[in-house]
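Heads up: the structure comes next, in structure tokens.
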Protein chains: 2
Amino acid sequence: MTSASEDTIASRISRILADRIVTGQLDPGTKLRQDHIAEEFGTSHVPVREAFRRLEAQGLAVSEPRRGVRVASFDLKEVREVAQMRAALEVLALRHAAPHLTAAILDQAEEATVAGDNSRDVRSWEEANRRFHTLILTPCGMPRLLAAISDLHAASARFLFASWRSEWEVRTDHDHRAILAFLRQGNIENAAPVLERHVQWIGQKPVRNASGTTRDAFAIVG
Amino acid sequence: MTSASEDTIASRISRILADRIVTGQLDPGTKLRQDHIAEEFGTSHVPVREAFRRLEAQGLAVSEPRRGVRVASFDLKEVREVAQMRAALEVLALRHAAPHLTAAILDQAEEATVAGDNSRDVRSWEEANRRFHTLILTPCGMPRLLAAISDLHAASARFLFASWRSEWEVRTDHDHRAILAFLRQGNIENAAPVLERHVQWIGQKPVRNASGTTRDAFAIVG
DNA sequence: GCCCTTGACGCTTTATCCAAAACCATGCCT
DNA sequence: AGGCATGGTTTTGGATAAAGCGTCAAGGGC
């Protein structure tokens with residue numbers, strides 16, 4: 001378990017780069033130079049190119065033929081787009097997962113919610129939040145749907161990290177608890193709309209730039 | 001326009017392979033041997049591997065590390081899954097596209113419907129059907145959503161080609177006309193549910209196998 | 001002074017080459 | 001006769017090398 005050597009170098013590179021893009025270590029628009037990356041990982045650039053293709057498919061990078069690959073940029077419009085896609089697909093997944101949800105699963109989801117509330121930084125909050133959504137949706141047993149949702153989660157997380165770079169305030173997640181309460185009653189018809197709104201909620205607040213000016217930051221928080 | 005040389009060899013290979021998989025020229029489970037394909041296209045295996053990554057992301061191929069790449073298999077469960085994802089996402093796209101739909105676009109969509117009704121084979125019907133959906137959804141201006149829908153269309157088409165291999169009966173597409181009628185009235189609230197049902201409709205009919213036995217074939221027809 | 005050419009450089013893209021893992025068939029041993 | 005070891009063969013995955021396209025800047029023509 002120590003190494004990921006059971007899968008290919010390309011997939012390892014793709015995972016690490018995806019993480020860097022999502023967490024904001026790589027800024028939008030940054031050029032990804034294949035032999036620099038290859039050198040960093042101690043490989044040739046062939047697997048790096050394959051990793052690029054995967055990032056491209058995930059919407060984390062854009063490639064212009066013969067001009068190289070760059071970290072995908074995004075704007076408020078795309079944040080909204082991803083949020084709405086997530087809303088549509090997560091509701092679908094929840095409707096199919098609901099019949100298979102057990103008390104044990106819901107308990108785990110509650111633990112994830114608590115972990116989120118107790119998180120001291122964005123990163124651990126995001127991890128807990130993702131665990132919550134994954135837990136209640138996975139039982140739908142629709143692999144393609146889950147894969148699509150997972151990619152959208154990565155995009156959401158990217159927006160989240162991009163806005164809340166420094167400060168982080170603790171909040172308690174009432175939406176998650178409401179969803180859990182409905183699911184415990186087997187009341188999917190009420191749980192679904194809450195999830196739909198929850199995922200689409202986009203926080204917006206003024207953020208002071210280094211230059212002293214303020215701009216509206218935004219973030220998907222669901 | 002004669003050559004696709006304006007983009008990379010990898011993308012050309014990926015397009016051609018995708019087409020072969022979708023149209024059923026490549027059966028599910030078929031192993032895709034990289035240097036055979038490389039030889040066929042007169043290239044090396046490097047761009048072929050990149051094409052594999054794209055096919056993988058589209059769900060048309062599955063790759064096991066060190067064991068190669070195979071054409072993805074599918075079953076009725078996945079057909080349903082794709083249909084429901086399409087329903088959810090196409091409805092979302094339509095809601096956003098509706099305000100931007102012009103009479104000219106709707107006329108083109110009607111032409112596509114007529115072309116579909118007049119199609120003599122599955123291939124041209126599929127092309128016309130896809131044109132219809134693309135026309136009424138593209139104005140939503142949500143590129144990521146449209147890309148996702150496009151991949152799902154490819155999957156749908158694959159199921160379609162898999163079932164209707166030989167025979168093909170002409171039908172007139174009442175759903176398309178109903179949707180167009182509602183859209184012409186600007187009545188999106190009625191158009192959306194029709195589209196949602198239309199996309200999820202899965203044809204099912206007995207098909208005689210070569211062995212004389214019959215099985216239930218299925219196909220997404222929307 | 002401004003625009004276009006031209007050449008050098010870096011990067012992407014593809015080809016050729018190599019090692020290691022997986023597959024297949026044969027034959028040996030039980 | 002059947003299962004397991006073992007060799008060769010195929011195939012994947014990666015490294016290295018070479019070729020081609022894009023970019024940028026300096027210099028010359030208008």
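Note on naming: letters A, B, ... go to the chains in the order of the sequence lines (proteins, then strands), and numbering restarts at 1 for each one.
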Q | Verdict with reasoning, B:R158 to B:T23, per side-chain contact (heavy atoms from CB on, under 4.5 Å) | A | CA-CA 6 Å; B:R158 198 175 165 218; B:T23 59; over 6 Å; no

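- Using a cut-off of 4.0 Å between Lys/Arg side-chain N and Asp/Glu carboxylate O, B:D27 and B:R20 are scored as not salt-bridged.
- Whole-Å rounding puts the B:Q34 CD to D:dT11 P distance at 10 Å.
- Nucleotide C:dG10 holds its C1' atom 16 Å from the CG atom of A:L32, rounded to whole Å.
- Between A:T8 and the phosphate of D:dT12, there is no side-chain N or O to OP1/OP2 separation shorter than 4.0 Å.
- Rounded to whole Å, atom P of D:dT9 lies 18 Å from atom CZ of B:R33.
- Ring centroid separation for the pair A:H36 and A:H45 does not come in under the 6.0 Å cut-off.
- Atom NE2 of B:H45 and atom C1' of C:dT14 are 11 Å apart (whole Å).
- Computed from coordinates, the A:R70 CZ to D:dT23 P distance equals 10 Å when rounded to whole Å.
- Rounding to whole angstrom units, CD of residue B:E39 and C1' of D:dT12 are separated by 16 Å.
- Looking only at distances, a side-chain donor or acceptor of B:D173 sits under 3.5 Å from a matching main-chain atom of B:H176.
- Checking A:T43 against A:R66, the closest nucleotide of DNA chain D that is more toward the 5' end is the one next to A:T43.
- Between the CZ atom of B:F52 and the C1' atom of D:dT12 there is a distance of 10 Å, given to the nearest Å.
- When each of C:dA22, D:dA15, C:dA15 is scored by its nearest atom to the side-chain atoms of A:S44, the top-ranked nucleotide is D:dA15.
- Residue B:H36 is in sugar-phosphate contact alone, with no base atom involved, counting any heavy-atom pair closer than 4.0 Å across all strands shown.
- The side chain of B:D35 lies closest to D:dT12 when the candidates are D:dG13, D:dT12, C:dT12.
- Straight-line distance from the CD1 atom of B:I9 to the P atom of D:dA19: 16 Å, rounded to whole Å.
- The side chain of B:V46 has C:dT14 as its nearest neighbour among C:dT14, D:dT12, D:dG22.
- Mapping A:R67 and A:E50 onto DNA chain D by nearest heavy atom places A:E50 closer to the 5' end of the strand.
- A salt bridge is absent between B:R95 and B:E196: the closest approach of a Lys/Arg side-chain nitrogen to an acidic carboxylate oxygen does not fall below 4.0 angstrom.
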